[in-house]
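The structure appears right after this line, and notes come after that.
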Amino acid sequence: MIITTTYDDPSVLPPEVRARRKFAEVGSAAALLSVVCPQKWADIVDVLRHYALDPPTWMKAGGNRGEVA
C-alpha cells in the first residue's frame, strides 16, 4: 500500500475543505477521482465543504437516545 497526499494539491481539493478535515489516501485516489469522475468528485467536495456533524444532535447521555437514533 502506497500512502499518497494528492489531496494537498489545491486543484484537487480546495484549501478550505482540507482545513476542516483530516485526510488519508492511498494510490493517489483524490487526484484519480478528480480526473476520471470530475462531476462525482465535485459532488464529494461539495458535501465535504458544507456538511458538518453536530455532536449534541447525535450524542446524548442515557442509552443511545439521541435524535438521530
Side-chain angles (χ1 to χ4, degrees):
M1 179 178 347
I2 299 172
I3 306 298
T4 56
T5 57
T6 61
Y7 54 83
D8 278 338
D9 182 343
S11 68
V12 174
L13 195 61
E16 69 271 11
V17 174
R18 289 194 326 268
R20 294 185 64 198
R21 307 210 187 306
K22 292 184 180 184
F23 293 90
E25 76 173 355
V26 296
S28 303
L32 286 171
L33 279 170
S34 70
V35 172
V36 174
C37 304
Q39 184 54 54
K40 291 180 182 180
W41 180 246
D43 292 344
I44 291 169
V45 170
D46 187 54
V47 169
L48 291 172
R49 180 179 283 126
H50 295 104
Y51 183 77
L53 290 173
D54 181 28
T57 301
W58 53 272
M59 290 180 63
K60 288 187 180 179
N64 298 324
R65 303 241 192 284
E67 295 173 19
V68 175

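Any value given below was found using the heavy atoms of this structure, including those in side chains, with hydrogens, waters and symmetry copies removed.
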Quick one: hydrophobic cluster around Val45, which other residues, with the 4.5 Å side-chain cut-off, linked directly or via members?
Tyr7, Val12, Leu13, Val17, Phe23, Leu33, Trp41, Ile44, Leu48

Euclidean distance, Arg18 CZ relative to Asp9 CG, rounded to 0.5 Å:
8.0 Å

When you look at CD1 of Ile3, are more than 12 heavy atoms from neighbouring residues, nucleotides or ligands closer to it than 6.0 Å?
yes

Is a side-chain donor or acceptor of Arg49 paired with a backbone partner of Glu16 at a separation under 3.5 angstrom?
no

Which pair of non-hydrogen atoms, one from Ala30 and one from Thr6, has the smallest distance, and what is that distance?
CB-OG1, 3.6 Å

